[in-house]
Number of protein chains: 2
Amino acid sequence: MNSITNNSHDVGLFLKNHGIKPSYQRLKIYSFLFENRIHPTVDTIYKNLCPEIPTLSKTTVYNTLNLFIQKNIIQKLVIEETETRYDVNTSTHGHFKCENCGKVYDVFLENNLLHSSNLENFKVNETHLYFKGVCEKCIKSIKK
Amino acid sequence: MNSITNNSHDVGLFLKNHGIKPSYQRLKIYSFLFENRIHPTVDTIYKNLCPEIPTLSKTTVYNTLNLFIQKNIIQKLVIEETETRYDVNTSTHGHFKCENCGKVYDVFLENNLLHSSNLENFKVNETHLYFKGVCEKCIKSIKK
DNA sequence: GTATCTGCAAAACATTTGCAATTCT
DNA sequence: AGAATTGCAAATGTTTTGCAGATAC
């Protein structure tokens, strides 16, 4: 459970506790993900942090995200092969991508899904579930 | 339901029935997918068909697969951002990728999965589910 | 004979790598 | 000072695009 708050002191501690030196760039990138639960792409993160960190490079964003994944504090979402997204919520949950507005929503499943005899003797490390379609907002705005 | 057999005459008819002119390359590419349910990448398809069609180019493989997807007779699987795979089975089902041997297995779910109040007012067009881990064969061979 | 299909070469992108400069302790 | 981090430029790898030649009906 993520019980940390979003002030930079706590993010620093959080990173330290996961074996990550809290550099300025790392703090800002993690805080951006934590405060904006929009499953951003590298480009979105980069563009949003540029005003604050004018010297920032995409390489650093890539390096940092890969480090976070390796230390298991974020997860990678592959919905389209052309855009990798990142999520601070590392628990197993689904996603919904709206084909109209492009927004990615979290999806939490009610029933204890996913029983398959196919997997009985397999070791499952990761479960990924996503949907594509049209979100409520877009359905309403299209109808108008 | 795919009830066609794998001789080239029937594949030709099948393609025609879906508004696709059955060229030699298209027949061979569809037949390869139909006869080898291994969820191959473009590269795998290309390498396997090259001996049979020495003039084949990857562009044609890409063009053909995109046409098949557009006509809805195959589906795209995005499990890793670095490798797109293709499946002749267009029904909704899951996949399992072994992190050891790289093989992708089909996963058919028993219970009528996937109820989420989050999606109540959303229009769902596609459902994608996949797992990563270690397959039975690899578990056994690692133990030895 | 005209439409379509194929396949080469080049372009377009996202991501990674090598390495030199910078920063932190 | 020494070790880690950052960021530029170049490399890599996949997919798409433009276009000319080949093929099919």
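In what follows, every chain begins at residue 1, and chains take the letters A, B, ... in the order their sequences are listed. Note that the structure is predicted; figures quoted are calculated from it, not measured.
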Inset, instruction - Would you name the heavy atoms of B:Ile45 and B:Pro40 that are closest together and state the gap between them? - result: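 Heavy atoms of B:Ile45 and B:Pro40 come nearest at CG1-CG, 3.7 Å.
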Legend entry - Which residue lies more 5' along DNA chain D, comparing A:Thr59 with A:Ile20 via nearest heavy atoms: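 Counting from the 5' end, the first nearest nucleotide belongs to A:Ile20.
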Inset, instruction - May I ask you to test the B:Thr41-B:Arg85 pair for a side-chain heavy-atom distance under 4.5 Å? - result: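 Yes. Closest side-chain heavy atoms under 4.5 Å.
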Inset, instruction - Describe the nucleic acid contact of B:Asn66 in one word from base, sugar-phosphate, nothing, applying a heavy-atom distance below 4.0 Å. - result: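 Here B:Asn66 touches the backbone only, sparing every base.
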Inset, instruction - Name the nucleic acid region contacted by B:Lys21, choosing base, sugar-phosphate or nothing; use a 4.0 angstrom heavy-atom cut-off, strictly under. - result: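 If one applies the 4.0 Å heavy-atom cut-off, B:Lys21 turns out to touch the sugar-phosphate alone, with no base involved.
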Inset, instruction - Find the partner of C:dG18: check Watson-Crick (N1-N3 plus N6-O4 or O6-N4) and G-U wobble (N1-O2, O6-N3) distances, both under 3.5 Å, and reply none if neither fits. - result: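 Pairing partner: D:dC8.
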Inset, instruction - Using both distances under 3.5 Å as the test, list the Watson-Crick or G-U wobble partner of D:dT23, or none. - result: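 Paired with no nucleotide.
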What is the distance from [atom1] of [X] to [atom2] of [N], rounded to the nearest Å?
{"X": "B:Gln70", "N": "C:dC5", "atom1": "CD", "atom2": "P", "answer": "11 Å"}
{"X": "A:Lys58", "N": "D:dA9", "atom1": "NZ", "atom2": "P", "answer": "15 Å"}
{"X": "A:Asn63", "N": "D:dA4", "atom1": "CG", "atom2": "C1'", "answer": "12 Å"}
{"X": "A:Tyr24", "N": "D:dG7", "atom1": "OH", "atom2": "C1'", "answer": "16 Å"}
{"X": "B:Ile53", "N": "C:dG7", "atom1": "CD1", "atom2": "P", "answer": "8 Å"}
{"X": "B:Lys28", "N": "C:dT6", "atom1": "NZ", "atom2": "P", "answer": "14 Å"}
{"X": "B:Leu27", "N": "C:dC5", "atom1": "CG", "atom2": "P", "answer": "13 Å"}
{"X": "A:Leu56", "N": "C:dT23", "atom1": "CG", "atom2": "C1'", "answer": "15 Å"}

Hey, does the side chain of [X] come within less than 4.0 Å of [N]'s phosphate (OP1/OP2), counting only N and O?
{"X": "A:Gln25", "N": "D:dG7", "result": "yes"}
{"X": "A:Ser23", "N": "D:dT5", "result": "no"}
{"X": "B:Thr55", "N": "C:dG7", "result": "yes"}
{"X": "A:Thr84", "N": "C:dT15", "result": "yes"}
{"X": "A:Thr82", "N": "C:dA14", "result": "no"}

Taking the minimum atom-to-atom distance to the side chain of [X], which one of [options] wins?
{"X": "A:Thr60", "options": "C:dA9, D:dG7, C:dT6", "value": "D:dG7"}
{"X": "B:Val42", "options": "C:dG7, D:dT15, C:dT6", "value": "D:dT15"}
{"X": "A:Tyr62", "options": "D:dT6, C:dG7, C:dT16", "value": "C:dT16"}

Inset, instruction - Go through B:Glu80 and B:Lys132 one step at a time and tell me if the salt bridge (charged side-chain N to carboxylate O under 4.0 Å, His left out) criterion holds. - result: CA-CA 10 Å; B:Glu80 316 280 355; B:Lys132 290 188 192 179; 3.3 Å; yes
Legend entry - Audit row: B:Phe131, A:Phe122, ring pair (Phe, Tyr, Trp, His ring centres under 6.0 Å) steps and yes/no: CA-CA 10 Å; B:Phe131 305 88; A:Phe122 285 34; 9.8 Å; no
Inset, instruction - Select from B:Ser57 and B:Glu81 the residue whose nearest nucleotide in DNA chain C is closer to the 5' end of that strand. - result: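 First, find each residue's nearest nucleotide; the 5'-ward one identifies B:Ser57.
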Inset, instruction - Enter the distance from B:Asn89:CG to B:His39:NE2 here, rounded to the nearest 0.5 Å. - result: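 So the gap between those two atoms works out to 7.5 Å.
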Inset, instruction - Please test A:Thr92 against A:Leu109 for side chain to side chain contact (heavy atoms under 4.5 Å, CB included), starting from the C-alpha separation and ending with a verdict. - result: CA-CA 10 Å; A:Thr92 296; A:Leu109 293 161; over 6 Å; no
